[in-house]
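Just below is one structure, and these are the notes that go with it.
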Amino acid sequence: MRTTIDIPTDAARVFSILAQGGIGIIPSSVGYGIIATEPPALQRIYTVKRRQPHKRHAIIGSYVLHREIHVLPPDKMDLVRLLTVDLNLPLGVIAPYRRDHPLLARLDKETLAASSMDGTMAMLVNGGPFQEELVRVTAAAGRAVLGSSANLTGQGTKTVVEEIEEEIREAADIVVDYGRVRDGWPRASSTMVDFEAMRVVRVGACYEVIRDVLKRFAGLNWPDPSV
């Protein structure tokens, strides 16, 4: 029986697969994701998920990567730090980005177009310990990790590997199973916020907490999902 996990070793194994053009299924605090670093693998993810062309990849990121890639005024950067670092909340951040950042400059035109919209890019920040380590390793190697939730389009983010559709699992070259994710209840997937317009794009994990924090610290009154 397995009673321990080794995040650095598991992240290194995943990176090895991704660097060879493979696909991984990995845990985050808000659900399981399907990821790749190379354009052909990212296209295979689109195909297996039956994803429509208007759907975008997100960058699997960290607070450090967010600071390097996203372009926001200091007060909005401070809000992201408050939520993701000080309060340890997962957050999907949508913001303008630096097109000349080395990780993005490596992407081909089609992949960049599939990962951005109207000059903005989405990034999952503070997705949990495994994601943080994987991003650290891949960024050090000059690669961006891109992907989306590990499920068929429209079927909802999965909180345990067993719920992931068989065809999605079979598309992956490696699956890291850490059991049920931490922040998958009452809803999985990240809360997505457009920090340029300061609006909620998707109500997801920890939304009630995020909403309360931004009301207290920024005076924002965002929609109450219970109403």
> What distance do Gln155 atom CD and Ile164 atom CD1 have between them, rounded to the nearest 0.5 Å?
Replying inline: 13.5 Å
> For Val71, does its backbone N or O pair with a side-chain atom of Arg98 as donor and acceptor, under 3.5 Å?
Replying inline: no
Please list, one pair per line, the donor and acceptor atoms closer than 3.5 Å that link side chains of residues 134-148 to other protein atoms, with sequence neighbours excluded.
unit_1	atom_1	unit_2	atom_2	d
Arg136	NE	Glu133	OE1	3.1
Arg136	NH2	Glu133	OE2	2.8
Thr138	OG1	Leu134	O	2.9
Thr138	OG1	Val135	O	3.2
Arg143	NE	Glu38	OE2	3.0
Ser148	OG	Lys49	NZ	3.4

> Taking it one step at a time, do Leu83 and Leu214 satisfy side chain to side chain contact (heavy atoms under 4.5 Å, CB included)?
Replying inline: CA-CA 9 Å; Leu83 291 164; Leu214 291 181; 4.1 Å; yes
>> Apply side chain to side chain contact (heavy atoms under 4.5 Å, CB included) to residues Leu103 and Leu65 and explain how you reach the verdict.
In response: CA-CA 10 Å; Leu103 297 189; Leu65 208 58; 3.7 Å; yes
> Going by heavy atoms in the side chains, are Ile59 and Met121 under 4.5 Å from each other?
Replying inline: yes
>> Tell me the closest heavy-atom pair linking Leu104 and Arg99, and the distance in Å.
In response: CB-O, 4.2 Å
> Is there side-chain contact between Thr47 and Gln43, with at least one heavy-atom pair below 4.5 Å?
Replying inline: yes
> With distance as the sole criterion, is a donor-acceptor pair present between the side chains of Ser189 and Arg202 under 3.5 Å?
Replying inline: yes
Please list, one pair per line, the donor and acceptor atoms closer than 3.5 Å that link side chains of residues 112-119 to other protein atoms, with sequence neighbours excluded.
unit_1	atom_1	unit_2	atom_2	d
Ser115	OG	Thr111	O	2.8
Ser116	OG	Leu112	O	2.8

>> Once salt bridge (Lys or Arg N to Asp or Glu O under 4.0 Å) is applied, what residue pairs with a partner in residues 145-156 remain, sequence neighbours excluded?
In response: none
> Do Leu87 and Val64 share a hydrophobic cluster (ILVMFWY, side-chain heavy atoms under 4.5 Å, transitive)?
Replying inline: no
>> Just verifying a value: how many Å separate Leu79 CG and Ile210 CD1, rounded to the nearest 0.5 Å?
In response: 11.5 Å
> If you measure from CD on Gln131 to CD1 on Ile60, what distance do you get to the nearest 0.5 Å?
Replying inline: 5.5 Å
> At what distance, to the nearest 0.5 angstrom, does CE of Met123 lie from CG of Leu91?
Replying inline: 11.5 Å
> Which atom pair, heavy atoms only, marks the closest approach of Ala172 to Val175?
Replying inline: CB-CG2, 4.1 Å
> Which heavy-atom pair separates Pro96 from Thr120 by the least distance, and what is that distance?
Replying inline: N-CG2, 4.0 Å
>> Return the CG to SG distance between Asp212 and Cys206, rounded to the nearest 0.5 Å.
In response: 12.5 Å
> Do you know which two heavy atoms are closest between Tyr32 and Val176, and how far apart they sit?
Replying inline: CE2-O, 3.3 Å
>> Using the salt bridge (charged side-chain N to carboxylate O under 4.0 Å, His left out) criterion, which residues pair with Glu68? Sequence neighbours excluded.
In response: none
>> Please check: side-chain N/O of Arg187 versus main-chain N/O of Gly204, any donor-acceptor pairing under 3.5 Å?
In response: yes
> For the hydrophobic clusters of this structure (ILVMFWY residues joined by side-chain heavy atoms under 4.5 Å, transitively), does one cluster hold both Val181 and Leu124?
Replying inline: no
> Is the side chain of Thr191 donor-acceptor paired with the backbone N or O of Ala205 at a distance under 3.5 Å, no angle test?
Replying inline: yes
> Which word best sums up how the rings of His57 and Tyr46 line up, parallel for under 30°, tilted for 30 to 60°, or perpendicular for over 60°?
Replying inline: perpendicular
> From Ile45 CD1 over to Ile168 CD1, what is the distance, rounded to the nearest 0.5 angstrom?
Replying inline: 9.0 Å
Sequence neighbours excluded and cut-off under 3.5 Å, please list the side-chain donor-acceptor pairs for residues 8-30, or say none.
unit_1	atom_1	unit_2	atom_2	d
Thr9	OG1	Asp6	OD1	3.2
Thr9	OG1	Asp6	OD2	2.7
Asp10	OD1	Arg13	NH1	3.0
Asp10	OD2	Arg2	NH2	3.3
Asp10	OD2	Tyr178	OH	2.6
Ser16	OG	Gln20	NE2	3.2
Gln20	NE2	Ser16	O	3.0
Ser28	OG	Val30	N	3.2
Ser28	OG	Gly31	N	3.3
Ser28	OG	Gly31	O	2.8
Ser29	OG	Gly127	O	3.4

> Mind checking what makes side chain to side chain contact (heavy atoms under 4.5 Å, CB included) contact with Asn221, not counting sequence neighbours?
Replying inline: Lys215
>> Could you report the tightest heavy-atom contact between Pro223 and Pro225, atom names first, then the distance?
In response: O-CD, 3.5 Å
> Hey, what else clusters with Val201 if you join Ile, Leu, Val, Met, Phe, Trp, Tyr whenever side-chain heavy atoms sit under 4.5 Å?
Replying inline: Ile94, Met192
>> Show me the pairs that pass salt bridge (Lys or Arg N to Asp or Glu O under 4.0 Å) and involve residues 153-168, at least two apart or across chains.
In response: Arg50-Glu167, Lys158-Glu165
> Can you list the residues that meet the side chain to side chain contact (heavy atoms under 4.5 Å, CB included) rule with Ala171, with sequence neighbours excluded?
Replying inline: Val48
> How would you list, by chain and number, every residue that makes a side chain to side chain contact (heavy atoms under 4.5 Å, CB included) with Asp86, sequence neighbours excluded?
Replying inline: Arg81, Leu82
> Looking only at heavy atoms, which two atoms of Leu89 and Asn126 are closest? And how far apart?
Replying inline: O-ND2, 3.1 Å
>> Which residues end up grouped with Val160 if you chain together Ile, Leu, Val, Met, Phe, Trp and Tyr wherever their side-chain heavy atoms are less than 4.5 Å apart?
In response: none
> Under the ring-ring contact (aromatic ring centres under 6.0 Å, His included) test, which residues partner His66, sequence neighbours left out?
Replying inline: Tyr63, His70
